[in-house]
Protein chains: 2
Amino acid sequence: MKNQTTKKPTKEKIFDVSLDLFSKKGFDAVSVREIAREVGIRESSIYNHYKNKEAILDAIIDFFMSELASGSLPEEEMEKLLETPELFFEVGARAFIKRMSAPKNEKIWRIISIELYHNDKIRDFYQTVLLEEPLKAWEEIFKKMIEKKMIKPVDPKILAYEYFYFAVYLIFEYFILKYEEDENFMNVAWKRLSNHAEFILDAVKID
Amino acid sequence: MKNQTTKKPTKEKIFDVSLDLFSKKGFDAVSVREIAREVGIRESSIYNHYKNKEAILDAIIDFFMSELASGSLPEEEMEKLLETPELFFEVGARAFIKRMSAPKNEKIWRIISIELYHNDKIRDFYQTVLLEEPLKAWEEIFKKMIEKKMIKPVDPKILAYEYFYFAVYLIFEYFILKYEEDENFMNVAWKRLSNHAEFILDAVKID
DNA sequence: GTCTATACTTCGATAGAC
DNA sequence: GTCTATCGAAGTATAGAC
């Protein structure tokens, strides 16, 4: 595992080591010395690759943003939704899992969750891309489902909240409350998302 | 407002100033010097009142814990619930507001939310007292409501989840995402809790 | 691109006079 | 109980030799 003596460029090693340490201890609690030690170089050498410590975090965030920018629901998936409401759990859960499962992403989710409270760039990204945009997308989907009389005529905005906020809660629970404690989060999350979707579906389906 | 020249004991001043600064910037970002400056004494004098910086945080947490220890649902409230399900929003929301509204509590909620990820004592408290115990209480309530055929026979545990986790999400949203941004959170929270409770109620009520 | 060496800053905490 | 004075540790970052 500690096979970092490979020919991986130093800049990439710094990125990966920082990603690992930041996700475990938080940005402030990690020193440049510690990163350097783990990479196997002196701390001054870090500055040959990144302007300063903050720049490493920025690089990590930028990587994550570009990864997730392409993460919105594809059109075909949305079309499937409008055939039968029973599918919406599958589609929602797939979107959820997709956002989490990339190997580096899980660590970045943890960093995001930790730094949320004092990093403006991260907080803005979270609010708009991770909350508002998906929420608006789900609202549109439910609006169409109501128009097609597939579900009861509830307020689509409220329904979007009711459906979507649970995923936000799960992320909070996992990355803040249970990190490094819960081994197979994905299985548990899947089961709970499934229960949740079923509950919502029962609430709005037309008998 | 800056009327701290009153005869308030120094130890209390240190407590209040720390509470204020920790809630704004997080524990690590506040220095003992800063606290001392704000109180109006030298930093060495701090140590006449608290063993070290950590001890100030401990005092704050202990204060909060004892405040909330008496915060569980009183019996009369629970009895009211079992008369008519329409009341359960009122009861739940009252319990929620009660936990938040004490003047010092709001700042402590912020500190709790920030330090959750690297303070074991805080995390354990959050998990047991703030999550598991209320969840279990709601599960019992719903179980009784089902026995009395007041609501549909859904899984009471899942229903408790569905009902209660919205409050947890609201706290996360307010204290992490919107702190110092949203002025009248209580009004918005009340409205959204109301929407949520209505949604849940519609989902499980017997037609 | 990495090294040694070092400058500079800030931090938590203590000793001892008053 | 507050002050002055100070310590040691740890942090970020830079200069210059190799």
Side-chain angles (χ1 to χ4, degrees), chain A residues 2-62 111 114-115 117-122, chain B residues 2-62 111 114-115 117-122:
Chain A
K2 278 266 179 182
N3 214 351
Q4 276 166 0
T5 336
T6 53
K7 271 173 258 127
K8 204 196 318 185
T10 303
K11 184 159 190 171
E12 207 175 317
K13 284 191 202 169
I14 296 171
F15 184 99
D16 291 341
V17 165
S18 300
L19 176 60
D20 196 57
L21 292 175
F22 290 165
S23 72
K24 278 180 186 147
K25 311 164 68 171
F27 179 78
D28 293 328
V30 176
S31 68
V32 177
R33 288 194 210 316
E34 196 178 357
I35 298 170
R37 193 193 325 128
E38 201 76 10
V39 170
I41 55 176
R42 296 288 170 173
E43 60 261 34
S44 57
S45 301
I46 298 272
Y47 296 91
N48 263 314
H49 302 277
Y50 292 95
K51 184 174 166 280
N52 53 31
K53 190 183 158 191
E54 189 79 31
I56 306 178
L57 179 60
D58 285 343
I60 291 174
I61 305 303
D62 286 343
I111 295 175
I114 293 176
E115 305 302 329
Y117 80 94
H118 62 180
N119 184 312
D120 293 344
K121 192 180 172 190
I122 292 180
Chain B
K2 278 267 177 179
N3 215 352
Q4 276 166 359
T5 337
T6 54
K7 274 173 255 127
K8 203 196 316 184
T10 303
K11 184 159 189 171
E12 207 176 317
K13 284 190 202 169
I14 296 171
F15 184 98
D16 291 342
V17 165
S18 301
L19 176 59
D20 196 57
L21 292 175
F22 291 164
S23 72
K24 277 179 187 149
K25 310 163 71 172
F27 179 78
D28 293 326
V30 177
S31 67
V32 177
R33 282 169 174 58
E34 194 178 358
I35 297 171
R37 193 193 325 129
E38 201 76 8
V39 171
I41 56 176
R42 295 289 170 172
E43 59 260 37
S44 57
S45 301
I46 298 272
Y47 296 90
N48 264 313
H49 303 276
Y50 292 96
K51 184 174 166 277
N52 52 31
K53 189 183 161 192
E54 190 78 30
I56 306 177
L57 180 60
D58 284 343
I60 291 174
I61 304 302
D62 287 342
I111 296 175
I114 292 176
E115 305 301 329
Y117 80 94
H118 63 177
N119 184 312
D120 293 344
K121 193 180 171 190
I122 292 180

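Chain A is the first sequence line, chain B the second, and so forth, proteins listed ahead of strands; every chain is numbered from 1.
Separating the CD1 atom of A:Ile41 from the C1' atom of C:dG1 is a distance of 9 Å, rounded to the nearest angstrom. Spacing between atom NE2 of A:His49 and atom C1' of C:dG1 amounts to 6 Å, rounded to whole angstrom units. Between the CG atom of A:Leu21 and the P atom of D:dG11 there is a distance of 12 Å, rounded to whole Å. Rounding to whole angstrom units, CZ of residue A:Arg42 and C1' of D:dA13 are separated by 16 Å.
Among residues at least two apart or in separate chains, ring pair (Phe, Tyr, Trp, His ring centres under 6.0 Å) pairs with a member in residues 26-49 of chain B are B:Phe22-B:Phe27. Residues in residues 26-35 of chain B take part in these side chain to side chain donor-acceptor pair (under 3.5 Å) pairs, two or more places apart or across chains: B:Lys25-B:Glu34.
The side chain to side chain donor-acceptor pair (under 3.5 Å) search around B:Lys24 returns B:Asp20, not counting sequence neighbours. Residues passing the side chain to side chain donor-acceptor pair (under 3.5 Å) test with B:Lys121 are B:Asp62, sequence neighbours excluded. Residues passing the side-chain contact (heavy atoms from CB on, under 4.5 Å) test with B:Tyr50, sequence neighbours excluded: B:Lys11, B:Ile14, B:Phe15, B:Ala55, B:Ile56, B:Ala59.
Atoms CG and CD1, on B:Asn119 and B:Ile114 in that order, are 12.0 Å from each other to the nearest 0.5 Å.
One finds a side-chain N or O of A:Ser45 lying less than 4.0 angstrom from the OP1 or OP2 phosphate oxygen of C:dC3.
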What N/O pairs connect the protein and nucleotides 10-14 of chain C at under 3.5 Å? Give each pair on its own line.
{"residue": "C:dG12", "atom": "OP1", "partner": "B:Lys53", "partner atom": "NZ", "Å": "3.0"}
{"residue": "C:dG12", "atom": "OP2", "partner": "B:Val32", "partner atom": "N", "Å": "2.8"}
{"residue": "C:dG12", "atom": "N7", "partner": "B:Arg33", "partner atom": "NH1", "Å": "3.0"}
{"residue": "C:dG12", "atom": "O6", "partner": "B:Arg33", "partner atom": "NH2", "Å": "3.2"}
{"residue": "C:dA13", "atom": "OP2", "partner": "B:Tyr47", "partner atom": "OH", "Å": "3.2"}
{"residue": "C:dA13", "atom": "OP2", "partner": "B:Lys53", "partner atom": "N", "Å": "3.2"}

